[in-house]
Amino acid sequence: MTPAPPTTTPIPYRQIRALYDSDTITVYQAYKSSIAEAAVKAQKLNASPDFKPGRMTWIKPSWAWMMYRAGYSYKDSRQSRILALKMKHEHFIRLLEAGVLSTHVQKNKEAESNEPNTTVRSRSKSAEVRIQWDPERTPHLKVLPYRSIQIGIPGALSETWANEWIVGIEDVTETARELKSVVDQEPDVTVEELVNRGLVPEERPFEVPESVQRILEMTMA
């Protein structure tokens, strides 16, 4: 009997994929050189006075989406250094538990624009973690048919996140630039080959509690 061909399980439309181990998960963000250099040296993201804790910071567990957002580090001189930031699982989950989908935020703003006490409500929402599901990318930056998560850390949480929730910082800018060089010179190179060369991390589905899945609407297309 001829064996049946292997089947592959479709990737869910909304799924968190990341580089992680039993204790930590890696997320990415791009910064200017002064922030990145001080952060790597001190292993503290806010080591440079140029780091502004009052601003919302968007982190991504997807390496390919970070490449797209930063243009492999070449897109913007203010985001020319890409940092890999390690967080404990529990703190990453805590961010997600405080998450609100950006689409809901916009609807709430429209609904509250004519309500009293809007200023008070807006202040209370300043601690909300924003969640966006954007089209995932390949290492060549091509669009994929499923989504990748972006997490917006609000100013109210950024000091705690930078001081207490980041347990490791690595500058991965050169890896990003080497990746661009390879995909430009070898347009047919596969993801597997890029993983073997150490240019793409081996990202796996990161499981989250059902309560978080509901918050993030992970079961909805």
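- For the 3.5 Å distance criterion, the side chains of Y31 and R81 fail to qualify, holding no donor opposite an acceptor.
- In the model, Q132 has no side-chain atom that pairs as donor or acceptor with a side-chain atom of R130 under 3.5 Å.
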Step by step, work out the salt bridge (charged side-chain N to carboxylate O under 4.0 Å, His left out) result for R17 and E136. CA-CA 10 Å; R17 295 167 299 278; E136 181 63 286; 3.2 Å; yes
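- The hydrophobic cluster around L179 extends to L19, Y28, W63, W65, M66, M67, Y68, Y72, Y74, I82, L141, V172, V182, V183, V189, V191, L194, V195, L199, V200, counting ILVMFWY residues whose side-chain heavy atoms fall within less than 4.5 Å of a member.
- In this view, D21 and D23, T24 satisfy the side chain to side chain contact (heavy atoms under 4.5 Å, CB included) rule, not counting sequence neighbours.
- Under the 6.0 Å cut-off for aromatic ring centres, Y20 and F206 qualify, their centroids lying closer than that.
- Partners of S34 according to the side-chain hydrogen bond (donor to acceptor under 3.5 Å, both in side chains) rule, which considers only residues two or more places apart in sequence or in another chain, are D50.
- Side-chain N/O atoms of Q213 and T219 include no donor and acceptor closer than 3.5 Å.
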Quick one: do E217 and R14 satisfy salt bridge (charged side-chain N to carboxylate O under 4.0 Å, His left out)? Show the steps, please. CA-CA 8 Å; E217 298 185 359; R14 290 178 174 172; 3.7 Å; yes
In sequence, state the C-alpha distance, the side-chain angles, and the governing distance for R197 and E178, and then conclude on salt bridge (charged side-chain N to carboxylate O under 4.0 Å, His left out). CA-CA 10 Å; R197 297 187 200 183; E178 186 177 351; over 6 Å; no
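- Using modelled atom types and a 3.5 Å distance limit, the side chains of K32 and Q79 yield no donor-acceptor pair.
- Panel note: side chain E97, backbone V212; no donor-acceptor pair is recorded below 3.5 Å.
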